[in-house]
**Student:** 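Attaching a single structure in structure tokens format; questions to follow.
Basis for what follows: all heavy atoms, side chains included, without hydrogens, waters or symmetry-related copies. All ligand and atom numbering here is 1-based and tracks the order in the structure.
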Amino acid sequence: MAKILLTGDRPSGKLHLGHYVGSLQNRVALQHQYESYIFVADVQALTDNFENPNLVKESVYEVILDYLSVGIDPNIATIYIQSQIPEISELTIYYMNLVTHSRLERNPTVKTELIQKGLEESFSVGFLCYPINQAADITAVEGEIIPVGEDQQPMIEQTNEIVRRFNRIYGEGILKECEALIGKVGRLPGIDGRGKASKSLKNAIFLSDERDIIKDKVFAMYTDPNHIKVSDPGKVEGNIVFAYLDVFHEDKEEIDSLKKSYQKGGLGDVQIKSILFSSLEKILFPIREKRKTISKDFVMDIALNGSKKARKKAMVTLEKVRAAIGIKYA
Ligand code: ATP
Ligand code: MG
């Protein structure tokens, strides 16, 4: 039997180039090889967007549209919505007993996100516990291969700790461990040069951005602040335009020679940005066009049917878990 691939995204906005290289490309490439479960984590998105439920609701639809636009095939992969599988919430409650408060606070991703989101002084219990919720997402469908970006590696470790602890206490082999599969680029930087490209930080090029928006974003990209005149020697390290060219421009030799000219002086930011814009447009044009052909009814149909299928699988896991813990009275 094929192994199970599981992964998801938070509906806190539309998907961007970071998702594309960090996780989506792997999902598309592997959907024929593994039994794929791909979900939109609306319950998790609410942990830091609880005051903005409309954003979450609208983004569920937008994220699924993004999946279909990049080539995830709904006839092969099961696409579903986290909140429609209440079994995940019940699993989360049981797993909460297996994780200490201090372990959650030490989770490097949680730490970084608290700073990024300005939540260090005051954050909800729900937010702190979202890594536990992720362990429930993964184990509910017995996910083994998890395509994610680098920032999610600590979440996979946390999941495996929960799995091992559960199995030690309630019985070996009940829950399965999983492994992260990091994409071609584990961490695409934001266009502003601060941290990773992220929906919440609004520093990303979205897969659905129109041509003019992409152009504006590329031309506003962070380069080398000391590269003022075209003739000035420029820095390539930390220069976001070159970081993106490395990822998205096909001709690696051309990039090498551009880097050399830039470092020497004589190559302007406008030139390198124009080249990057063309490379991105080549990738994003077909995605954007496909997006326009998909109706909202079709998206919701897929999501609700997928949720029914995923729920059946989660029910089996929950029954196993309840029985192992001894919560079974009939
Ligand atoms: P938010 O700001 O709301 O956390 P996000 O942009 O970080 O949104 P997520 O939904 O949290 O997106 O992440 C979905 C998946 O995409 C995860 O596997 C994550 O690791 C991956 N991912 C997100 N941003 C990047 C990036 N910049 N580079 C590579 N992978 C990324
Ligand atoms: Mg994130």
**Student:** Would you verify whether the NZ or CZ of K296 falls within 45 degrees of the ring axis of Y61 while also being under 6.0 Å from that six-membered ring's centre?
**Tutor:** yes
**Student:** Who's touching ligand 1 if we go heavy atoms under 4.0 Å?
**Tutor:** G8, D9, R10, S12, H16, G18, H19, G22, K117, V148, G149, D151, Q152, V185, G186, R187, L188, K196, A197, S198, K199, S200
**Student:** Thinking salt bridges, do K292 and E289 make one under a 4.0 Å N-O criterion?
**Tutor:**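 The answer is yes: the pair qualifies as a salt bridge.
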**Student:** Just so I know, are the side chains of I138 and T7 near enough to count as touching, which here means a heavy-atom distance under 4.5 Å?
**Tutor:** no
**Student:** If you look at every heavy atom in V28 and Q31, which pair is closest and at what distance?
**Tutor:**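 Heavy-atom minimum between the residues: O-CG, 3.2 Å.
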**Student:** Using a strict 4.0 Å threshold on nitrogen-to-oxygen distance, state whether K3 and E35 make a salt bridge.
**Tutor:** no
**Student:** Measuring only between side-chain heavy atoms, which start at C-beta, is L318 closer than 4.5 Å to L91?
**Tutor:**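 L318 reaches L91 side chain to side chain.
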